[in-house]
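Residue numbering restarts at 1 for every chain, and letters A, B, ... go by the order of the sequence lines.
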Protein chains: 2
Amino acid sequence: MRDMTRLHDVTLTPTALLAVDVVVFTLRPGPVEQSWQVLLIRGQESESSAQYALPGVLVEEDETFDGAARRALSVKAGFDAHDWYLEQLATFGSPTRDTRARVASVAHIALMRSDDLVQQSMVAGTSVEWIPVASIPWDALAFDHAAMLREGIQRVKGKIRYTWVLFQLLPPVFTMSELRAAYAAIRDPEVMHLSTSNMRKLFGRLIERGVLVQVGERAQAKGRGRPGDLFRFSGPVTGTWARELPW
Amino acid sequence: MRDMTRLHDVTLTPTALLAVDVVVFTLRPGPVEQSWQVLLIRGQESESSAQYALPGVLVEEDETFDGAARRALSVKAGFDAHDWYLEQLATFGSPTRDTRARVASVAHIALMRSDDLVQQSMVAGTSVEWIPVASIPWDALAFDHAAMLREGIQRVKGKIRYTWVLFQLLPPVFTMSELRAAYAAIRDPEVMHLSTSNMRKLFGRLIERGVLVQVGERAQAKGRGRPGDLFRFSGPVTGTWARELPW
DNA sequence: ACAAAAGTGTTTCTCATACACCCATGT
DNA sequence: ACATGGGTGTATGAGAAACACTTTTGT
């Protein structure tokens with residue numbers, strides 16, 4: 001970056017390859033237990049026991065990790081992820097993780113709004129599958145992708161409790177019920193038992209501060225019952241609650 | 001790790017170098033504002049503006065990141081860090097961070113108990129300095145070490161609030177006052193105004209669960225005032241509070 | 001004896017949870 | 001009409017914060 005305070009006495013011959021892998025999460029309509037889903041790629045190399053892998057690519061010479069991760073989503077899954085929430089998770093680089101060369105993979109997590117799903121696609125020879133987090137085929141994952149998934153799941157579970165990333169998984173406009181359902185799907189189905197009354201009280205602070213804006217309309221009624229008021233999130237992606245949410 | 005589901009169609013020529021850098025924190029006696037300190041290496045290459053750097057080394061062929069990080073602490077600062085708390089922070093690998101080659105550095109944070117400081121040392125040509133976090137020379141840091149420090153500081157500040165890592169910075173036996181002071185030094189000096197009464201009530205849960213054990217003795221009296229009861233932490237390093245601490 | 005630091009117990013107030021009741025929509 | 005889901009307001013209980021008072025040390 002700025003100077004050469006280090007490495008002056010060593011060779012600069014490259015010794016490793018850099019890769020990125022992405023754990024993509026989304027929320028889909030359906031039963032709470034299956035709503036939170038992750039994207040896996042089913043490979044065509046059927047001779048091995050590893051049927052599933054995370055989307056990943058090798059990092060190119062002049063490419064940032066962020067750029068490589070978004071390219072992986074494009075190349076491996078056919079998604080245009082240029083405006084998705086993306087954050088670095090951790091780097092996996094055990095000397096033995098790949099037998100052919102030292103490969104360090106910088107794992108990321110990405111959050112896709114379920115209504116972006118219009119584009120679902122099929123990429124030459126591989127197929128893209130959304131799997132509920134509750135039923136991940138842990139034993140059929142390539143490389144150390146199981147460890148990446150475990151860490152990614154923990155990261156998201158923890159982070160929705162004190163930051164505003166949850167809104168990156170919701171559509172632009174949503175009801176309190178949808179917000180509660182999103183929370184329940186990721187953290188704990190028990191949250192579904194919370195009354196809308198208490199939800200509003202908790203999120204009332206955000207409404208006062210203008211982070212949640214009530215759009216002047218009601219949602220489309222679906223099925224029986226009164227449709228809920230619609231809200232729009234207008235705060236910074238990186239924002240946090242003053243206090244951690246109680247559940 | 002397990003098979004070859006990927007990379008089958010690309011060359012495996014190494015293109016990058018792997019490094020580790022470590023942000024080492026400790027707590028030292030003294031005024032609250034200067035108690036939380038970080039380790040910086042003052043380099044001898046005085047021609048450049050970057051006077052300070054984090055301890056770091058290149059990762060060797062058969063070395064884990066964890067191993068390389070502990071070696072960096074040994075080689076660059078003369079510490080035996082084999083039993084220190086060490087965790088991966090993030091990987092910094094901008095294509096332009098080093099002009100000579102693509103170097104990806106896996107940053108770590110390490111926590112040193114201040115009473116381990118017996119070993120303080122001097123390594124050939126470089127000098128090890130403990131700098132209060134409040135007075136880091138941001139403009140005199142090599143590479144992207146300023147970014148690493150910023151992230152490291154945020155990580156620790158956040159993590160002491162919901163995990164038990166704070167105890168990794170305290171001596172094996174400590175008083176409630178020392179615990180409060182440690183918290184105050186990292187999070188907010190305001191915490192110093194909390195009464196010991198309220199502290200005990202908050203940590204009372206931990207005492208009941210046996211995570212904090214009251215050693216049957218009082219601390220050495222220093223100066224005026226009654227010495228505090230001594231406690232010992234006996235929980236898992238990775239433990240978390242049921243609820244986030246209120247401050 | 002007094003100041004300073006630590007321990008114990010009580011009071012107050014905030015806020016999470018629970019509950020009772022009203023509103024809107026589809027069958 | 002009634003069942004179902006959403007919204008409003010109130011009551012209850014847990015716990016954080018504040019405070020008054022006692023205990024132990026050094027000067």
(Q) Quick one, A:V211 and A:F203 - any side-chain contact, counting heavy atoms below 4.5 Å? (A) no
Q: Using a 4.0 Å heavy-atom cut-off across all strands, classify A:S177 as base, sugar-phosphate, or nothing.
A: sugar-phosphate
Q) Which distance, rounded to the nearest 0.5 Å, do you find between the CE of A:M148 and the NE2 of A:H145? A) 4.5 Å
Q: Please state how far atom CZ in A:R180 lies from atom C1' in D:dG7, giving the value in whole angstrom units.
A: 12 Å
(Q) With rounding to the nearest 0.5 angstrom, report the CD1 to CG distance, A:I109 to A:L89. (A) 6.0 Å
Q.
By the definition ring pair (Phe, Tyr, Trp, His ring centres under 6.0 Å), identify the one residue from A:W36, A:W84, A:W130 that meets it with A:F25.
A. A:W36
Q. Is any side-chain heavy atom of A:L169 closer than 4.5 Å to a side-chain heavy atom of A:Y85?
A. no
(Q) Rounded to whole Å, how long is the line connecting atom CD of A:E178 with atom P of D:dG7? (A) 11 Å
Q: Given ring-ring contact (aromatic ring centres under 6.0 Å, His included), test B:F167 with B:F174 step by step and report yes or no.
A: CA-CA 10 Å; B:F167 299 112; B:F174 50 87; 5.8 Å; yes
Q. A:N198 has an atom CG; how far is it from atom C1' of D:dA11, in whole Å?
A. 12 Å
Q) Nearest 0.5 Å, what's the CG-CG distance between B:L149 and B:L40? A) 6.0 Å
Heteroatom pairs (N/O) under 3.5 angstrom, protein to nucleotides 24-27 of chain D:
{"from": "D:dT24", "atom 1": "O2", "to": "B:R226", "atom 2": "N", "distance (Å)": "3.4"}
{"from": "D:dT25", "atom 1": "O2", "to": "B:G225", "atom 2": "N", "distance (Å)": "3.3"}

Between protein and nucleotides 14-16 of chain D, what N or O pairs are separated by less than 3.5 Å?
{"from": "D:dG15", "atom 1": "OP1", "to": "B:R205", "atom 2": "NH2", "distance (Å)": "3.1"}

Q) CD of A:Q214: more than 12 outside heavy atoms within 6.0 angstrom? A) yes
Q: Verify side chain to side chain contact (heavy atoms under 4.5 Å, CB included) between B:R226 and B:R218, making sure each step is shown before the conclusion.
A: CA-CA 9 Å; B:R226 171 176 172 173; B:R218 290 256 172 67; 2.9 Å; yes
**Q.** Carboxylate-amine/guanidinium contact A:D144 A:R150, below 4.0 Å
**A.** no
Q) Taking the nucleotide of DNA chain C with the closest heavy atom to each, which residue, B:G228 or A:S197, is nearer the 5' end? A) B:G228
Q. Are A:E87 and A:R155 ion-paired here, with the side-chain N under 4.0 Å from a carboxylate O?
A. yes
Q) Rounded to whole angstroms, how far apart are CG on A:L230 and P on D:dG5? A) 18 Å
Q.
What range of DNA chain C does chain B touch, first nucleotide to last, counting atoms under 4.0 Å from its heavy atoms?
A. C:dA3 to C:dT10
